Structures are given as structure tokens and as C-alpha cells.
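Predicted model only: the values in this text are computed from it and were never measured.
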Amino acid sequence: MAYSPDETTSLSARSRIRTAIEAALTKAGIEGGTDMVHLERPANPENGDISCNVALVAAKKLRRNPRELAGMIRDALELEKDFVDGVEVAGPGFLNFTFSREYLSSQVATINTLGSSYGASDIGKDRKVQVEYVSANPTGPLVIVAARAAAVGSSLVNILRKTGHEVEAEYYLNDAGSQVRKLGLSLMARFRQRLGEDVEFPEDGYPGDYLVDIAAEIPEETGREWLGSGDESAREAFGSLALEKIIVWIREDLEKFGVHFDTFFNESTLHREGGEVAEALEFYKNKGVVYEKEGASWFRSTDFGDEKDRVLVRSDGTPTYFLADAAYHLNKFRRGYDHVIDIFGPDHHGHISRLKAASVVFGANEDWLDVMTVQWVRLIEDGQQVKMSKRGGVFETLASLVEDVGSDASKFFFLMRKTNAHLDFNLTLARKSTDENPVYYVQYAHARICSVIAFAADEGVKFPEDLDCVDKLVEPEEIGLIRHLVVFPQLIEGAAEACEPHRLTTYAQELAASFHRFYHICRIVSNDTRLSQARLLLAEATRIVLAETLNLLGISAPERM
RNA sequence: GCGCCCAUAGCUCAAUUGGAUAGAGCGUCUGGCUACGGACCAGAAGGUUGGGGGUUCGAGUCCUCCUGGGCGUACCA
């Protein structure tokens, strides 16, 4: 075998091809710079494993014939023979590289050697990144959009870690401000109703039943004591109790969903004496981006592309949500992240430009802060939209969804679509544990492999010490499957760079399909020991990649179903 | 009104950041198990990528206008 497993990931294959093309450009005297070189995987396998359009790009720049340039580059290329089978000039001037069968089969050995670290890279080396997501207001249980954000955010965190980033997952808890006030008033009303008093529920309060439940748990004596302590003090007491209870729910629900945060950041800490709220305001004033109008302090965010200026401090002296948020990002900035990714709900996309403006003022680069928006989810049951109304207190929660369809199916469905597009969540389909459900299709492939490996062991076929038997893998279904496996590292990099975890669900389905095809045509355990061992290694390599893909999505890879 | 997002097969979604013949699943139709999990596999039908212009070797992807939906447009969060 020409390649030892350690140095033959498909990434290094790509980088070697890249290097060779760059050298060939120089050798052939083609100018235009090496940043013209982009490698991609052709959609059609007939066009090889890796394709490069550099001749087309150069042709435009140099006003020359692309196919002619492609020919020149090909002639100047120096690549090891056993690595790629050949280089073809195709179509309008693509250079198509096809991996040799030896190279492909050697990758099966590589994957077996690397195990779950296959696909890992260091493109995020020395990059400290924060991902802030969910961050739903603690005024009630987490709802469906928050569940989607949780699925997306946690998967993104996994992917970034896989690519070598140092990542911190954070939840911003808005435990201060007017909503907590409303929450306190709402709970207070519920408690008084429980005592039989005929009180009107606050018009802008939180009407959900959960506050009735919390009110029911308050010892009557305690509650009466609070009510007797004066309006303001009572509101605070009820408010902080509600907050405390709800935050516990939120944390429990997220845990049950299998979503973990490194940090829960309390907004209230920003408002403390000497906190970032006061500091940020001072900072902005010194920068000259604040002005006074009608008794309030305004941030000149229009200078930074926002559509209008924003209030920082109201005329009654209280800071706005925006000032707190700006202060929060000042805090993040000081923590030294190279990159901060905020995942916002659909109702917050208006904040993006002003928050970016706020960040730039305290010295962040334009691209320091990235804001992704997670769009709405519609729940569809039997073809009908499930009606939800937070205001009316009727809504599907993350907890009830997990209870209903399970966290694996929920996450998979949330991660099937691009995050900034609306999503129709088919509850009826997600509930099914049949072949119609894509989650089961993928998990089934994993379970099937585990079962075959166990069967093989019973039949006396074990994993070989010497991995050279992989050169027995020559059937089209075998090669097709390997081609899918080899793409994995590049897929992960792409998903990390584009912040698009949904690419993995598509991949998982394709890989599972490719395995099932192979399994159907190629008998794994047979009389031919070496062939059996080779196919066992291929099955195991597939299992490794499937398990890792599911793992990055936050979904379990069951050995039995 | 203005700003941002979305529109792709009957339905739900992809499409490698501008690439080659736009792909999967579900649904519909046809076929396939005496051996490793049939929760599977093979095949068929299904498209003017919402519409019109433009940019170039090349557009679902970029620019522009239009249509239809969502969100935002607070001294709420």
C-alpha cells in the first residue's frame, strides 16, 4: 500500500492536488494568482472526485481560451501516479481528477485507524469562538422556535469543535427589565385569584397556565406576607420566584433535549454597580455617538448603517434592552473571542444592524459578530397547522415536543432545513417509527451495521490486524460507498465555514442510502475470508462516519432499534 | 411606506458559496427476500426553479423590477 493511514485523509489529498495545480500554473507561466484555484466535488461522479475550474477563471482574466489553458495546466501537472488515476480536461475547461482505486480503498483503512476523530481538522486552530443561542426570555417554558434554535446551535457548536475551534456555548438570560416586572405582576394576580379574590389579570401579563401552577405551589402564608409588604416589594418577591422556577424548567428542558451550555449569563449582572451597562454608556458618550433628545439618550446608529437612531436611556432614567444588549456584547468583546455568533429568533432580526453598530464602536471588526436568524416553525399534524398562541397561553413547548416525538426525531427535523427559512414540522411523520421517517432510515443503517459486525464475530470473521485486505474492495457499490465516506472531512469544513449544520442531515441520508445499496448487493460475511474482512472494515468505516455525523447533529446512533 | 427573510416535483426539503444533465424523501405506479436486520433494494412517472428583464463561457444561486407570504419598523423585550 502506497499510503500509511495517518497521512492520507482526503483533506490532504485535496491539499496535494491544490499544491500541484498552483505549481503547474507557475510552470506553465499562467498568471492571475493562486487564489483562482478552487476545488470542488463534481455532482456527477463521471466528472471525477475533485474538479477545478481554474482554467475558466484564468481564461476570463487573461482573455484566453479556457480549454487551451486547461490543457497547458494538465501538461504541467506533476502528481503521483498511484494517487489519482488521471486528469481530464472536460466541458468548457474543467480539470477533473479521479482518485485511484488504491487510494480510495486505502481510505477505508484510514477511517478504521482514525475512528471518531476522522473528519477532524484544525482550520479553527487558535480561534476562540462563542456561540450564543436560544436565550429565550425566562417568562415561560421554551417554545418550538427555541427548540429549533437549540438544535441548530448545539450542532453548530459540535461542528466548530470538530474543526478545531475553541468554542463556548452560552445562554443569555434576560433576568432584568420590564418583562420580569410583568412576570411578577402576573404571578401576583394568579396568587390572589387562588385566594379567591376577584382581581383583573394584567392586560400585558403572561396568561399561560404555568403561572397558575407556580401560584399553587406558593405556601399561603408566604404569599400573604409578600402581598402585605407593599406593591413594589410584593411584585419583586413574586417576580423573582417566577423567574427562579422558570429558569429551572428551561435548564431541565434543555438537558432533556440533550443540549448543553457552558455558561448561563445573567443580564442582571450587567446592571450592577460598575457593570457594563454604565460602562458602555460612558464609553459611547466619550466616543461622541450619543446625544440627548426629549430627555432620553440616543445612540447615533444611523452613522453605522442602521435605519434609525436608538434610545439607550429612557427619559425616566432606565436603560433600554438595547443598551443592555450592547453592554453584553462589550462584555463578550472583553472576554477575548475572535468571533462571536449570535443565533436570534425570527422576531429579533431587527436588532442585527444596531448591535453590529454597537460592537464596531467599541472596537470590534465588522465581521467579529455574526448573527444568524432561526425562522419560524409551523407544526403540521395530519396536514393541518397546529394553532398556537403565546398570548392566549396555548402553545406547544419544547418539553411537550420531546415527549411527543422524542429528541432524536425533533433535532433531525429541525436540522433538515436551512435555519433562515421557515420550517414546516410534520408531527405526524416525526412520530412514526417506520421507513417513512428519515431519522429511522439513518439510524437503521447504523443499527444494521452493528448487527452485521456481531454476526460476523459469531461466524469467526474478525477485524484483521493487517488492513491491506481493503484492496479487495472493487465492486461499484463498494467504491460508491467509499466515495461517500471520503467526502466527510470536506463536508464538515464546509458546514463549519458556512455555519450550516443542516448539510449533515442531507449527508447522513445519502450515506445511509449508499450503505444500504452496498449491503444489498455485496454479501459481507462469506467463505472468502480476506474479502469478508475487507467488507467488514468498510462496514465499520461507514458505521464510524454515520455515528460521527449523528453525533455532530446531537442525535443518538443506536446499536439496536 | 421602508428594511430584512422566504418562494425549487402533488407535499416536505437539497443543490458543494457562480459550475457540467436541478437531486432526495414522502405520496403514486411497477418489480425484488430459502444466508449477514425487508425499518431494505431496483425501476417509472413527476420541473419554464413564483414572473419579467439584466450581468457572462455558465444563473436556482448575483443585479433590477413585479407578484405572493413571514418578520421587523417602540423611550417592549
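Comparing A/Asn437 and A/Ala513 against RNA chain B, the residue whose closest nucleotide sits nearer the 5' end is A/Asn437. Residue whose closest nucleotide on RNA chain B sits further toward the 5' end, between A/Tyr441 and A/Pro438: A/Pro438.
Which of B/G37, B/G72, B/C6 sits closest to the side chain of A/His349 comes down to B/G72. Comparing B/U73, B/G37, B/C75 against the side chain of A/Ala296 picks out B/C75 as the nearest. Between B/A39, B/U21, B/A35, one nucleotide has an atom nearer to the side chain of A/Asn44 than all others, and that is B/U21.
Counting atom types as modelled, A/Asp347 pairs no side-chain N or O with a base atom of B/G72 as donor and acceptor under 3.5 Å. Looking at A/Ser315, its side chain comes within 3.5 Å of the base of B/C75 through a donor and an acceptor atom. Below the 3.5 angstrom threshold, one finds a donor paired with an acceptor across the side chain of A/His351 and the base of B/A77. A/Ser51 contributes a side-chain N or O that forms a donor-acceptor pair with the base of B/A20 under 3.5 Å. For A/His516 and B/C40, a side-chain-to-base donor-acceptor distance below 3.5 Å is absent, hydrogens and geometry of angles not being considered.
Side-chain contact of A/Glu267 with A/Asn174: a donor-acceptor pair under 3.5 Å is present, judged by distance alone.
In this structure, A/Ala324 reaches neither bases nor backbone, as no heavy-atom distance under 4.0 Å exists between it and the strands shown. As judged by a 4.0 angstrom heavy-atom cut-off over every strand, A/His502 is placed among residues touching the sugar-phosphate backbone only. Heavy atoms of A/Thr506 sit under 4.0 angstrom from primed sugar atoms or phosphate atoms, though from no base atom. Nucleic acid contact class of A/Cys52 (heavy atoms, under 4.0 Å, all strands): none. Residue A/Asn96 is classed as a base contact, given a heavy-atom separation below 4.0 Å to a base. Within 4.0 Å of A/Arg517, counting heavy atoms only, lie sugar-phosphate atoms of the nucleic acid but no base atom. At the heavy-atom level, A/Glu559 lies under 4.0 Å from base atoms of the strands shown. Among the atoms of the strands shown, none is found under 4.0 Å from any heavy atom of A/Gln509. Looking at heavy-atom distances under 4.0 Å, A/Ala456 makes no contact with the nucleic acid at all. Within 4.0 Å (heavy atoms only), A/Lys308 reaches sugar-phosphate atoms of the nucleic acid but no base atom. Within the 4.0 angstrom heavy-atom criterion, base atoms lie near A/Glu294. Residue A/Pro346 is in sugar-phosphate contact alone, with no base atom involved, counting any heavy-atom pair closer than 4.0 Å across all strands shown. Within the nucleic acid shown, A/Asn420 comes within 4.0 Å of sugar-phosphate atoms alone, with no base atom in reach, counting heavy atoms only.
Remark: P of B/G70 and CG of A/Leu423 are 17 Å apart, rounded to the nearest angstrom. Between the P atom of B/C36 and the CZ atom of A/Phe515 lies a distance of 13 Å, rounded to the nearest Å. Atom CH2 in A/Trp376 sits roughly 20 Å away from atom P in B/U12 (whole-Å rounding). For A/Met416 and B/A14, the CE to P distance is 9 Å, given to the nearest whole Å. Distance NZ (A/Lys418) to P (B/C13): 11 Å, rounded to an integer number of Å. To the nearest angstrom, C1' of B/G58 lies 8 Å from CZ of A/Phe94. With rounding to whole Å, A/Arg67 atom CZ is found 12 Å from B/A20 atom C1'.
In this entry the base of B/U73 is anti relative to its sugar, with a glycosidic angle more than 90° from 0.
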